[in-house]
Every structure is written in C-alpha cells, then in structure tokens.
Peer 1: 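Take this structure, written in structure tokens, and hold onto it; I'll ask about it next.
Whatever order the structure lists them in is the order used to number ligands and atoms, beginning at 1. Numbers for residues simply follow the sequence, beginning at 1. Just so you know, these numbers come straight off a predicted model, no measurement behind them.
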Amino acid sequence: MLRRVLCTMLLMGALPSLAEASQGHISVVLLGATGDLAKKYLWQGLFQLYIDQVSSGHSFTFHGAALTDLEPGQKLMFDVLKKLACPPDESPNRCAVLKDQFLKLSQYHQLKTSENYTALNREIEMLLHQEGLKEAGRIFYFSVPPFAYTEIARHINSSCRPPPGAWLRVVLEKPFGHDLESAQQMAAELMSFFREEEMYRVDHYLGKQAVAHILPFRDQNRQFLDPIWNRHHVERVEIVLKEIVDAKGRTSFYEQYGVIRDVLQNHLTEALMFLTMELPGNLSKAEEVLQCKLQALQSLRGLEKQSVVVGQYQAYASHVQEELQKGQDYVSTTPTFAGVLVHSDSLRWEGVPFLLTSGKALDERVGYVRVLFKNRAYCTQSEALRDAGHSQCKPKQIVFYIGHGALNTPAVLVSRNLFRPIMPKSTWREVVGQPDLHVFGQLLSDYYMYSPVKERDAYSVLISNIYHGRKDFFITTENLLASWAFWTPLLNSISHQAPRLYPGGVENQHFLDFEMMSGELAFTVAEPVELLNPSGPMPSDYKTIQSKFRQSPLVSAWSEVLISQLASDVEKTASRAVARSGQFHLALSGGSSPVALFQRLARHHYDFPWRHTHLWLVDERCVPLTDPESNFFSLHNHLLQNIRVPYFNVHPMPVHLHQRLCVEEDGGPELYAKEIMALVANASFDLVLLGVGTDGHTASLFPHSENGLEGAQAVVLTESPVKPHQRMSLSLPLINKAQQVFVLVMGKGKHDITTQISRVGHEPRKWPISGVNPSSGQLVWYVDYEALLG
Ligand SMILES: *[C@@H]1O[C@H](CO)[C@@H](O)[C@H](O)[C@H]1NC(C)=O
Ligand SMILES: *[C@@H]1O[C@H](CO)[C@@H](O)[C@H](O)[C@H]1NC(C)=O
Ligand SMILES: *[C@@H]1O[C@H](CO)[C@@H](O)[C@H](O)[C@H]1NC(C)=O
Ligand SMILES: *[C@@H]1O[C@H](CO)[C@@H](O)[C@H](O)[C@H]1NC(C)=O
C-alpha cells in the first residue's frame, strides 16, 4: 500500500520528483505508537517534521509499531492520526493536503517477534528498491518502558540496520536508570547494540524554547555577558520547575523515583549546564558543545545531606497506599518536593549558589531559570524619582522563562538596567504589554522581554533535531553517567530521611521556604506540629549532646552532625585568633577521621579566614610527600586544593631531606621546630587537632615511645608498630602548649579505647593520649555515638 501511495504522489507532483529526492529516503519507526506520549506529542511532532521537511529533498515513510495485533492496532493508531492538528501558522488548505499525504505515508506494524522485525526490514527494502530510492537513514523512536529496551535493541541490531551509507538513529526516553549503577548497566547493554553516535537520549527540556535558547543567547550576547557572567557579578541562580498536579495515578513510577530523579537529575541539571558551561568557539559544533557540558558537570562540587531540603505532599502516602495496595502502616520517604543547593568548583562560578527546586502539589505551575546579578550601585535620588527611569539600583536579572505562570509563554527577560540583548529577529520578537505586571520583583516594563515568534512544542523541536542529527540536543552516555555520579551519593544519603509533610497548593504558605546558611539549606520555618506523620515522630538525628569526658568538655553526636559541629568550632576558633593576632596557626593530624572534617571545611565554610591561616602537621609518615600514604598528600587532596591558602602558609613536615627519608643527621625535626619557633608566638599553636588510635596513641606518639612523651624536644622522630614504621611528630610538651586542643574520635572500632581512656588517669607512657593536657589552653573531645556508645 505504501508503495502505491509514494508512487502516485510522486506522479501527482505532491512529493518532490525522484531527481529532487536524491537526498534519499527516511523511514521513521515509532515504537509504542498507541501509547500516551505518542498520542499526546510524538505523532504531532512527526507530522510537524513532515510539514517542515516535505520539500527538503528527503522522502519519508512513518511506521507506527506496537505489540497489539494488526487490525486493532491499526484502528487505534489511525484514530490518533485523524486527530492531528494543523499548526496555526499553516494555511488550512495546504495543511489538509499534507495531512492526507502524512496519513497515506503512515502504516501500522505489529512488532512482537523477531519475524515481525525481519518483515519490517524487508518491507522497507522492497519499497526503496521498487521506487528506485536511495536510503538516507532510519529513525527508531523508543516510546516504550525501559525494561523493553534490550529486546527491541537486539532485534533492531540484528535485523533492521540500514545498509552501509545510510544512518541509524535510535531515540530513547527516560528513565535512563535509577542511580549510577543501574544507568551504567543499561548504558553498557545498549552499547552492545548501538554505537554512541546512533543513540539519541531525549530530555524534553532541551527542546523547550527558552532552555534551548540559553546557549545561543550567551553566544550572541558575548559582548555584554563576557565581563559579568561569573562569580564576581552573579549573586545567585534559581532553576525552578513548580507543578500544581500531584503524583496520583503515577505512584507506581513515582514511588521508586521521587522528585530528584524525576526532575532534578535530568531537566534542571541540563539547564544548569547550559548556564555554567564554558562557551565553545563555535556553537554549531556539537562535539565541542558536548565536551564543554561534560566539563561543567564534572566540576560540580559533591552534594551532601545538608545540601538539600525535601518535602512530601501530605496526601501522597494515601495515594501510594491505594494505588500500590500498601497497608496503613506503610511509610514512604519518597520526596515530592526538593530544594538543592549546588556549587561549581570552576574558577568562573566558585562560591555562587545555584538553587534547584521542584515539587508537586505546589501553588502554581511555572518553570524558569533566573540569574540574579549583584548590585553595587548606590542611588542618591529618592525612590519616587528612581522608579521613573531604569535606575542602577533596581534588581538586575536575566530570566529564561520556560512557560506557564504569570507570563504563560516562553520568554527571555533582561532587566533594562543591564543591556538590550541581541535576539534573532526571525525566531524571537520583542513583547510590550502588561507593563504593570510584577515578575521577579520588578515591573514587566523594567525588562526587555522577548517571546518566540512561533511557539513550538518541545517534542517537535527535538524531532527536528533528530532529523538534523544535532547530537548536542541529546544526552550522551558520558553526560548521563556524569550526572548520575553527581546525584547518586545524595540520593543514597537521604533515602531514609523523613521529608517534611506539606498540605499542598496555596495552603503551603511558607512551610517550604528555605534558606542558605554557610553552604547548607534549611527550611525557614519550624515544622508545623499538626502535620507531623501520624505514624509517630521520626527519630531526630540532629542532636548533639554536651557533657564531660576526662574532666574536659565533650561534644557527641552521630558522625555527620559531629563533623559539622567540629567544623564550625574550628572556624570560630580561627576567626577569634585572626581577630586577636591577625593569624591562625592550625596543626592537623593525619589518618582517616579528619578527612571528613577537611571536606566539610572546604565545602561549607566560605568565610573561613584561610588567607590568614597557617597550616602545620601534627605528624607525618616517613614517605615522600607525593606518596598516597603521606599525611600531607591527604591534606592536599581533601583540603588544600579546594581552598585559597597562601603557599607560604603551608608547612609540611621535612621528612624528605637530601634525597632520603627521616635520617637523624639530616635534622628534620630540628628544622621543623625552628620554623615553628620563628612563626608561632611562644610556639603555642592556636589549635591542634588530634585523633586517638586503638592502642591509645595520638599524633605519632605510640605507647612506650622513647621520644616525644616528655623532654625539651619540640619535634621528634618516632617508631610506629605498623608500617610505615618511621614517623615524625610534634612532642607531647609542644602539643600541651597549645591554646586549644580538639580530639576527634569516631567509629565503632574506637569504642574499646574510648571506654578504656575514660577510666585511666595521667599515664602517657601506656596511653599517650592521656598525656594531652594543655597547660594553659583548653581541651575539647569530639566523640561520635559509635565510639562513645558502641
Ligand atoms: C508477527 O510474528 C508472529 C510470529 O512470527 C506472527 O504470528 C504474526 O502474524 C506477525 N504479525 C504480523 C502483523 O505479521
Ligand atoms: C549487533 O549486530 C552485529 C552485526 O549483525 C553483530 O555482529 C553483533 O553481535 C550484534 N550485537 C549484539 C550484542 O548482538
Ligand atoms: C561553525 O561550525 C560550522 C559547522 O562545522 C561551520 O559550518 C561554520 O562555518 C563555523 N562557523 C564559524 C564562525 O567558524
Ligand atoms: C608568650 O609567653 C609570655 C611569657 O609566658 C607571655 O607573657 C606572653 O603573653 C606570651 N605571648 C603570647 C602571644 O601568647
């Protein structure tokens, strides 16, 4: 039947003549042709493709496919096709003709067995042969659930590949896995059937006109943006997708995914990349765009539990109970709302907060990407006069408005006190109107506003990009895995966290407002009591207990909370020391416990006075500083490389002198002691951070050590019972001169020694840690619950 149609249409001149059709023939196969996505968007997108490309020189056939038998399937599919709408800018007559052609070029196939795939392949080949058409390529659009991917992929690879010279493009819809591991597994499977350049993973956000215009906007406005698109000028960025609907009817999917996997990992992360990535020299080079995007993803700073606030729509649990036949006692911790604070470590963006937010059952439906600039101006005129013009004191922002909300159209907004942007006139037009409308704290008349000349559905934009082979509008395997690598640790760390319940819609009031505090997010208002989960309050893990340990102050909590408390106490000590003396001398221990502290200091304490901090080592292993066993190596990896501390303030221990390690006559300890005397007043460190070994050692002072437990030496060489045996260490007398000593003890493995030293007196030869007793300073113990309680 198709054959006859093509043939007749060619004769009637309804299609380009064969000579013109030398571009070749394209077969589009839509798998899941009668499903929801196909009905709502994909057929319409394919029809639009046909309308746009009918005179491109390519000829087309469209093959809808599903598991359903031929006749019922055919009927279902053509019921959808008959309802295809004509685009508003198309003349009704032309559209009617094109629609008629489109229907004739479309055919239903049952694709269930390998014979069915072979038969489809044969039909395509026969048609091409009989019409004398050259094959340009084949598009297979997978609008099916991911569990069906592998089988379909195998069939296509084995029986439906086009001959050499023609391309294959397979289009895949999310979810692309559930976490890093599942995404890797799925990617590996697909890669055994398709080459990377054959796969087009859809994120329909990349087809939203405002999102798709972020890069072109940055490119065309380089002259204005180059000086200000960076951490010196951008105050914050908000990437937001708010929904009114809840998850009812979709809980079987939603309960496994939640809002972070459903929206943040993909849509909002993609928008974030378009904002933060470096611009390639030429935007038309998909390879370069993808490479820059990957780099931007890789420079995101790791997320922690404290980077996120999560909420759950109050009625969600009952929807889950109903739809998934769960009992009344079933508790879901799946978030339906999330706010996440993201930072980039790139030089351009360091320190700029990017807030990603999405949720269901909120008060409005809206999506936008908002870049708010710092305002350095002071305006001398009164506000009344100021409001008349485009004063420098008004907010400065650029908004890529994705849709819905007050504007109800995709748009690009630029505050008039920034610059008049360059926009492509053929696709974006300037809009004036509704000047009294307030958006993002400004009158609409305070912005240059542009909206698309022709509003296009995301799927039709994407289908057009597939046709043009624009891989930069799709998610590559590398990008996908990098995104999951970024999100998975956060998802794991909050998987058992109880989300805050919220009533939904306008009732939410301020319950979901949140704020940033030293690199963390927290809800602004306390949890309303009447909304607490009826199945009883969740155990709170945000408590620290304070008491005494060996007659000194003790801070205890679960490890994560403990570390965050310790980090703020270190920062407080630092600020006080700098205020007092202009400097802060901090001596740090090696080992694994302080690593968490280092990471936390690097990630959350942007106000830490690093410029005035001197970093010393409490002890060191006699290995080269570049050896992974070296304490300095670990300090560098987890802290130094992430902070801005002057080079000359960093003081590694001189374990490596004259090309040998810790030889007594090289005088390493004496050298270090001299350096300390020269720089640290009275050789009294402002803060020494210590740990405790299971044998009671601290620093590298081991039980029965010959050196360092007493005497005049400030720095000593010691012997460890474990490899590497040779160590350098501050001596106990030097440690005890410090103004503050913090001892950090973490983990179940330390429970026995913790119990032991809680009972012993001053016996440094047996338990060196028991000799820590600052003569005029203060000692504080930081012991986590596992070490304290076992
Ligand atoms: C698909 O394959 C099965 C088994 O080979 C066959 O019975 C069925 O008729 C085929 N469907 C179509 C529409 O040809
Ligand atoms: C894909 O097809 C090629 C060519 O037929 C074949 O060599 C290869 O084994 C197939 N891949 C898989 C995973 O079946
Ligand atoms: C950008 O790349 C495209 C595709 O490779 C090329 O056609 C175009 O000339 C390039 N533009 C510039 C300004 O180099
Ligand atoms: C150093 O020690 C001396 C004598 O113990 C004391 O008077 C002085 O205040 C100390 N200096 C500092 C900076 O702590």
Side-chain angles (χ1 to χ4, degrees), residues 1-3 27 29-34 61-78 106-127 135 137-138 140 142 144 146-170 172 184-199 212 215-223 225-226 277-293 422 424 464-465 467-474 477:
M1 164 181 132
L2 273 180
R3 198 190 80 74
S27 313
V29 182
L30 174 55
L31 298 133
T34 52
T61 43
F62 300 91
H63 308 261
L67 296 173
T68 317
D69 284 345
L70 198 54
E71 276 182 23
Q74 226 158 21
K75 181 171 180 319
L76 278 172
M77 186 179 108
F78 280 95
S106 300
Q107 196 180 25
Y108 178 79
H109 301 263
Q110 181 186 32
L111 284 185
K112 198 171 180 177
T113 64
S114 61
E115 290 80 44
N116 298 156
Y117 282 87
T118 321
L120 169 66
N121 186 54
R122 205 167 340 125
E123 268 181 59
I124 294 176
E125 279 173 0
M126 259 169 52
L127 175 78
E135 180 154 24
R138 298 182 188 181
F140 285 85
F142 286 45
V144 297
F147 65 77
Y149 279 12
T150 311
E151 165 135 4
I152 297 175
R154 179 174 298 117
H155 288 313
I156 294 174
N157 180 52
S158 61
S159 13
C160 292
R161 280 191 167 278
W167 44 253
L168 171 67
R169 292 180 189 151
V170 294
L172 306 163
Q184 273 167 334
Q185 198 181 341
M186 190 168 166
E189 248 165 41
L190 286 170
M191 296 224 283
S192 69
F193 302 111
F194 305 124
R195 292 197 301 274
E196 178 67 31
E197 68 268 24
E198 293 174 336
M199 287 187 276
L215 281 186
F217 177 89
R218 289 181 53 194
D219 187 46
Q220 288 149 16
N221 290 282
R222 282 181 201 245
Q223 53 175 311
L225 292 175
D226 274 351
M277 63 188 262
E278 294 302 311
L279 275 184
N282 185 342
L283 274 194
S284 315
K285 301 213 161 123
E287 263 306 295
E288 286 179 28
V289 172
L290 289 167
Q291 206 48 45
C292 290
K293 196 164 144 195
I422 295 169
S464 157
N465 286 326
Y467 165 78
H468 285 110
R470 287 293 301 267
K471 288 250 14 180
D472 48 331
F473 280 86
F474 299 86
T477 305

Peer 1: Within a distance under 4.0 Å of any heavy atom of Gln110, pick out the atoms of ligand 1 and give their elements.
Peer 2: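 Numbered from 1, ligand 1 contributes 1 (C), 8 (C), 10 (C), 11 (N), 12 (C), 13 (C).
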Peer 1: What's the verdict on side-chain contact (heavy atoms from CB on, under 4.5 Å) for Leu76 and Tyr108, showing C-alpha distance, side-chain angles and the deciding distance?
Peer 2: CA-CA 9 Å; Leu76 278 172; Tyr108 178 79; over 6 Å; no
Peer 1: Within the structure, does Asn157 bring an N/O atom to less than 3.5 angstrom of an N/O atom in ligand 2?
Peer 2: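 Checking ligand 2 against Asn157, an N or O pair does fall under 3.5 Å apart.
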Peer 1: For Arg470, does its backbone N or O pair with a side-chain atom of Asn465 as donor and acceptor, under 3.5 Å?
Peer 2: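 Looks like no, no N/O pair under 3.5 Å.
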Peer 1: Within the protein, flag every N or O under 3.5 Å from an N or O of ligand 3, and note the pair and distance.
Peer 2:
from: ligand 3; atom 1: 2 (O); to: Asn282; atom 2: OD1; distance (Å): 3.4
from: ligand 3; atom 1: 2 (O); to: Asn282; atom 2: ND2; distance (Å): 2.2
from: ligand 3; atom 1: 11 (N); to: Asn282; atom 2: ND2; distance (Å): 2.9
from: ligand 3; atom 1: 14 (O); to: Asn282; atom 2: ND2; distance (Å): 3.4

Peer 1: Judged by modelled atom types alone, do Asn116 and Thr113 share a side-chain donor-acceptor pair under 3.5 Å?
Peer 2: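 Side chains of Asn116 and Thr113: pair found under 3.5 Å.
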Peer 1: What atoms in ligand 1 come closer than 4.0 Å to a heavy atom of Thr113?
Peer 2: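 Once the distances to Thr113 are compared, the set is 1 (C), 2 (O), 3 (C), 4 (C), 5 (O).
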Peer 1: Just by distance, no angles: are the side chains of Gln107 and Thr61 close enough, under 3.5 Å, to form a donor-acceptor pair?
Peer 2: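 Looking only at side-chain atoms, Thr61 and Gln107 do not form any donor-acceptor pair under 3.5 Å.
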Peer 1: Checking ring-ring contact (aromatic ring centres under 6.0 Å, His included) against Tyr149, which of Phe142, Phe194, Phe193 comes through?
Peer 2: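 Among Phe142, Phe194, Phe193, the one that satisfies the ring-ring contact (aromatic ring centres under 6.0 Å, His included) with Tyr149 is Phe142.
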Peer 1: Quick one: does Met199's side chain get under 4.5 Å of Met191's, heavy atoms only?
Peer 2: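 Yes; the side chains approach each other to less than 4.5 Å.
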Peer 1: Examine distances only and state if a side-chain atom of Glu135 and a backbone atom of Pro163 form a donor-acceptor pair shorter than 3.5 Å.
Peer 2: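 Side chain of Glu135 to backbone of Pro163, a donor-acceptor pair under 3.5 Å: no, none is there.
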Peer 1: Using a 4.0 Å cutoff against the non-hydrogen atoms of Asn116, which atoms of ligand 1 qualify?
Peer 2: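 Here the atoms of ligand 1 in question are 1 (C), 2 (O), 3 (C), 8 (C), 10 (C), 11 (N), 12 (C), 14 (O).
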Peer 1: Under 4.0 Å from a heavy atom of Glu115: give me the atoms of ligand 1 that qualify, with their elements.
Peer 2: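 Once the distances to Glu115 are compared, the set is 4 (C), 5 (O).
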Peer 1: Would you say Asn157's side chain and Ala153's backbone share a donor-acceptor pair under 3.5 angstrom?
Peer 2: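 Checked: no pair found.
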Peer 1: Below 3.5 Å, N or O to N or O, backbone or side chain included: is there any such pair between Ser192 and ligand 2?
Peer 2: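 By distance alone, the answer is yes.
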Peer 1: Would you find a donor on one side and an acceptor on the other, under 3.5 Å apart, between the side chain of Arg218 and the backbone of Met277?
Peer 2: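 Pair found, side chain donor or acceptor close to backbone of Met277.
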